[in-house]
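This report refers to the structure that appears directly beneath it.
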Amino acid sequence: AVDTPKPAAAAPGPAGGPVLPHLSVAAWEARVAGRRRFQAPELDPGSAERLAALFGRPVTAAAAVAAILDEVRQEGDPALVRWTSRLDGVDPRPLRVPAAALSAAWQGLEADLQQALTLAHQRITDFHTLQRDARWRGSADLGLRPGPVERAGLYVPGGRAAYPSTVLMTAAPARVAGVPEVVVVTPPRPDGTVAPTVLAAAHLAGVTAVYRVGGAQAIAALAYGTASIPAVDVIAGPGNIFVTLAKQQVVGAVGIDGLAGPSEVLVIAGGDADPDHVAADLVSQLEHDPLAWAVCLTDDPAFAAALRARFTRRAGEAARSGIIAAAAGAQAAVVVVRDLAAAVALANAFAPEHLSLQGRTAEPLAEACRTAGALFIGPYAPVSLGDYTAGPNHTLPTGGAARFHGPLAVDDFVRWTSVVRMDETTYRPLAEAAIILATSEGLEGHAAALRARFPPGG
């Protein structure tokens with residue numbers, strides 16, 4: 001495996017902003033080799049020092065998470081409060097946000113924000129309703145019966161930021177699935193409260209309860225249950241490295257939607273695509289995280305040059321230019337390929353979270369693009385629209401997981417039960433074959449249980 005390079009700010013370009021690196025195909029393939037399987041990012045020096053201070057010794061992120069999970073599993077609420085106080089500097093008691101606060105937050109929103117959230121929620125719900133499948137499969141005697149899990153736990157990042165869109169994207173499919181109880185955990189703000197927009201979105205989406213606790217301790221509460229937070233059946237939603245490692249470690253005690261990594265966008269652009277549109281899309285993904293990916297594959301060297309110029313200008317003017325510069329130095333690139341068929345092959349191997357096709361020669365390639373988490377086609381389908389109001393889910397596989405997983409969906413909150421009902425006539429020939437198989441495996445008790453249904457002397 002190739003070690004993940006440390007983010008290094010891209011050198012400033014002529015317009016003062018960071019440069020979009022221009023890589024050959026070979027250099028691009030070398031950069032991504034060994035990096036498209038889940039690997040927990042390394043802690044930055046500041047976080048490592050903070051963990052060492054908290055634990056009194058150097059400790060890895062995975063070991064810290066394991067210790068927090070174990071304490072919450074054994075102690076419950078006291079451990080939740082203790083770790084939230086240590087990590088967030090906040091006493092989260094009472095852990096549950098009063099139900100009245102959710103409706104009050106909704107009523108307190110400005111009308112335009114209410115309307116925007118309502119539009120987004122309706123489109124997300126409508127899209128996910130297309131996925132709902134409550135049909136019995138098979139015959140009355142042999143079939144599959146779908147049904148929702150009893151309780152879902154949604155993780156919504158918080159603290160100094162607020163993501164009401166994540167509330168809608170995780171709660172809507174759970175509600176469409178018919179989950180009776182849908183709870184949200186989210187880190188409190190420095191003053192101990194939860195952002196009103198998050199509470200308002202929870203009210204709109206029909207969330208049952210909101211708890212002001214985040215991090216690994218919140219995942220532990222959802223997985224194992226405490227006096228205040230009942231255990232859930234499925235945990236969904238993105239989070240930081242500690243949340244992701246916690247989800248990884250509680251698999252088996254609870255189901256999870258996946259392991260989220262840094263955001264990714266890969267654009268396949270023909271020569272007639274708008275370089276400013278593509279530059280804006282790359283910048284929009286890089287502002288998420290210094291480890292975010294933003295890559296453009298094109299068969300037109302002139303377009304690549306124009307894109308690099310537009311990228312430098314847009315990245316230099318962006319509000320989060322420092323984060324963008326750090327990400328651009330490690331995970332951003334424009335790669336000129338021999339033709340767009342080669343671009344599709346590279347994209348399928350990369351399996352990006354978001355794949356955008358722009359330009360008349362690129363847009364018809366959609367059917368050949370097999371492994372993207374989400375596909376965006378044409379100039380009026382930017383990834384940013386998918387983050388909010390298009391309708392499909394923005395909780396997507398990263399790190400190459402689009403090879404085997406898709407967006408968060410209704411079926412992530414559904415379990416399937418097989419049902420067998422036999423009469424004597426149907427049973428006899430199947431049992432006789434099963435007895436032969438059980439005997440061949442040396443499981444005489446199984447064979448005896450099958451023979452016990454035969455009539456006396458039969």
Side-chain angles (χ1 to χ4, degrees), residues 121-155 167-184 205-209 219 222-225 229-237 247 250-259 373 391-393 395-397 401-438 441 443 445-454:
H121 181 248
Q122 189 61 58
R123 288 188 63 88
I124 295 164
T125 299
D126 288 348
F127 181 83
H128 287 81
T129 298
L130 300 175
Q131 303 172 5
R132 185 175 184 182
D133 188 354
R135 294 174 298 159
W136 173 280
R137 297 293 214 293
S139 67
D141 295 337
L142 194 65
L144 283 170
R145 184 186 68 199
V149 300
E150 294 300 316
R151 189 178 293 113
L154 312 178
Y155 190 93
V167 177
L168 302 184
M169 290 288 182
T170 52
R175 279 305 192 196
V176 169
V179 179
E181 289 188 51
V182 179
V183 304
V184 164
V207 167
T208 310
I219 299 300
L222 293 176
Y224 305 125
I229 303 177
V232 302
D233 305 307
V234 172
I235 300 173
K247 288 170 70 176
V250 300
V251 170
V254 67
I256 67 168
D257 57 337
L259 301 174
N393 211 284
T395 306
L396 296 162
R403 294 175 296 105
F404 55 82
H405 205 280
L408 183 67
V410 170
D411 210 42
D412 288 307
F413 300 97
V414 172
R415 57 174 180 254
W416 288 80
T417 300
S418 60
V419 178
V420 178
R421 183 188 293 110
M422 296 279 175
D423 60 25
E424 184 177 356
T425 301
T426 306
Y427 174 75
R428 184 65 183 245
L430 295 176
E432 289 174 346
I435 288 168
I436 294 171
L437 293 174
E441 294 182 354
L443 298 176
H446 285 62
L450 292 162
R451 292 192 191 95
R453 270 78 178 168
F454 292 167

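One is the number of the first residue; the rest follow in order along the sequence. Everything numeric in this text was worked out from a predicted model, so none of it was measured.
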Counterpart residues, salt bridge (charged side-chain N to carboxylate O under 4.0 Å, His left out), relative to Asp133 (two or more places apart): Arg135, Arg137
message: Measuring only between side-chain heavy atoms, which start at C-beta, is Pro148 closer than 4.5 Å to Phe413?
response: no
- prompt: Does any N or O in the side chain of Asn393 come within less than 3.5 Å of the main-chain N or O of Met169, such that one atom is a donor and the other an acceptor?
  reply: yes
query: So, Arg151 side chain and Val179 main chain: donor-acceptor pair closer than 3.5 Å or not?
result: no
task: Could you pull out the closest heavy-atom pair between Thr170 and Gly237, with the gap in Å?
output: CG2-CA, 4.0 Å
query: Can a donor-acceptor pair be found between the side chains of Asp126 and Thr129 at a distance below 3.5 Å?
result: no
- line: The reported gap from OH in Tyr155 to CD1 in Ile219 (rounded to nearest 0.5 angstrom) is 6.5 Å
Side-chain heavy atoms of Thr125 within contact of Arg175, under 4.5 Å: no
query: Leu222 versus Ile229: any side-chain heavy-atom pair under 4.5 Å?
result: yes
query: Taking the side chain from Asp233 and the backbone from Glu150, do they hold a donor-acceptor pair closer than 3.5 Å?
result: yes
message: For Val419, is there any backbone N or O sitting under 3.5 Å from a side-chain donor or acceptor partner on Arg145?
response: no
- line: For Pro180 and Val149 the tightest heavy-atom approach is CD-O, 3.4 Å
statement: In this structure, CG of Leu408 is separated from OG1 of Thr395 (nearest 0.5 Å) by 5.0 Å
Check: Asp423 side chain, Thr426 main-chain N or O, donor-acceptor pair, under 3.5 Å: yes
message: Restricting to non-hydrogen atoms, name the atom on Pro407 and the atom on Pro397 that form the minimum distance, rounded to 0.1 Å.
response: N-CD, 4.1 Å
task: Look only at the side chain of Thr208 and the backbone of Val182, and say whether a donor-acceptor pair between them is shorter than 3.5 Å.
output: yes
Donor-acceptor under 3.5 Å (Arg428 side chain, Glu424 main chain): no
message: Rounded to the nearest 0.5 Å, what separates atom CZ in Arg451 from atom NE2 in His446?
response: 13.0 Å
message: Here's a test for you: under side-chain contact (heavy atoms from CB on, under 4.5 Å), which of Gln131, Arg132, His128 qualifies with Pro173?
response: His128
task: Heavy atoms only: give me the nearest Pro429-Thr425 pair and the separation to one decimal.
output: CD-O, 3.3 Å
message: Which heavy atom of Ala205 sits nearest to which heavy atom of Leu168, and what is that distance?
response: CB-CD2, 4.1 Å
query: Counting distance only, does the side-chain N/O of Tyr427 pair as donor-acceptor with the main-chain N or O of Leu450 below 3.5 Å?
result: yes
statement: Closest heavy-atom pair, Ala402 versus Gly373, reported as atoms and distance to 0.1 Å, is CB-N, 3.5 Å
query: Would you call Val234 and Asp257 a side-chain contact if the rule is heavy atoms closer than 4.5 Å?
result: no
message: Within a 6.0 Å radius of atom NE2 on His405, are there more than 12 heavy atoms belonging to other residues, nucleotides or ligands?
response: yes
